[in-house]
Amino acid sequence: MIIKRVVKLIRIEIVVMFLIAGIVILFFETGLLLGGTVTDASVIYIAEVLAVLMALGLIPITLKGCKIVLKRLKKEDIESRIVCYRNCAQLRVFAYAIFILYSLFLYYLTDRDTGLYCAIIGAVFTAFIFPTKVGVENYIEQEEE
C-alpha cells in the first residue's frame with residue numbers, strides 16, 4: 001500500500017514539473033516574458049556550456065545514484081528503503097525540473113537551439129525515472145538479494 005502512495009506521489013510531481021515547464025513555454029510564446037534578450041556571445045557560450053555539462057552530469061548521477069544509496073541500506077527494513085527510494089526519486093524529479101527549466105529559459109532568452117536540445121534530453125530522460133508499482137517493488141526488493 002505504501003508503495004502505491006509513493007508511486008502516485010512521484011507521478012504527480014513529474015506531471016507538475018511538466019505543467020510548470022508548459023506554463024513557462026506559454027509565457028514566452030504569448031509574449032508575457034520577452035525572449036531573445038541575451039545577446040552577449042560570452043554569456044551565451046557559458047550558459048550553453050553549463051547546460052551541456054548539466055546534461056552530461058545529471059543523467060548518470062540520477063539514474064545510478066539511487067541504486068547506490070539503496071545498496072547501502074540493504075540490511076535495513078523495507079519501510080526505510082521505501083522512504084529512501086521516495087527521497088531519491090523526489091531529488092531526481094527536482095533535479096530534472098531545474099535542468100529542464102534552465103534549458104527552456106536558455107532557449108528563449110538566447111534564441112539558440114542548444115537550450116531546446118537540452119530540454120528535450122531532460123524530458124526524454126524523465127521517462128526513465130517515471131515510476132510504476134511493479135518497477136518500484138523490483139527496484140527495492142532487488143537490493144535485498
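Keep in mind the model is a prediction, meaning the values are calculated, not measured.
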| said: Please list all pairs meeting ring pair (Phe, Tyr, Trp, His ring centres under 6.0 Å) that have one or both residues in residues 44-86, counting only residues at least two apart or in different chains. | reply: Y85-Y139
| remark: Contacts of F28 meeting ring-ring contact (aromatic ring centres under 6.0 Å, His included) (sequence neighbours excluded), chain-then-number -> F105, Y108
| message | Within the supplied structure, the quantity of interest is the number of heavy atoms (other residues, nucleotides, ligands) at a distance under 6.0 Å from Y102 OH; does it exceed 12? | response | yes
| For the residue pair E137 and I3, what are the closest heavy atoms and their distance? | CG-CD1, 3.5 Å
| field | R11 versus T132, closest heavy-atom pair with distance | value | NH2-CA, 3.7 Å
| message | Taking CZ in F94 as the centre, count heavy atoms belonging to other residues, nucleotides or ligands within less than 6.0 Å. Is the count above 12? | response | no
| What pair of heavy atoms forms the shortest contact from T126 to G122, and how long is it? | OG1-O, 2.6 Å
| said: Run the side-chain hydrogen bond (donor to acceptor under 3.5 Å, both in side chains) test against T62 and tell me which residues pass, sequence neighbours left out. | reply: Y96
| How would you list all residue pairs meeting ring pair (Phe, Tyr, Trp, His ring centres under 6.0 Å) that involve residues 48-68, not counting sequence neighbours? | none
| field | From CG (L101) to CD1 (I25), nearest 0.5 Å | value | 9.0 Å
| Taking only residues two or more places apart in sequence, or in another chain, which ones meet T37 in a side-chain hydrogen bond (donor to acceptor under 3.5 Å, both in side chains)? | none
| remark: When every non-hydrogen atom of A123 is compared with those of F18, the smallest separation belongs to CB-CE2, 3.9 Å
| task | Can you tell me which residue pairs pass the salt bridge (charged side-chain N to carboxylate O under 4.0 Å, His left out) test with a partner in residues 47-61, sequence neighbours excluded? | result | E48-R112
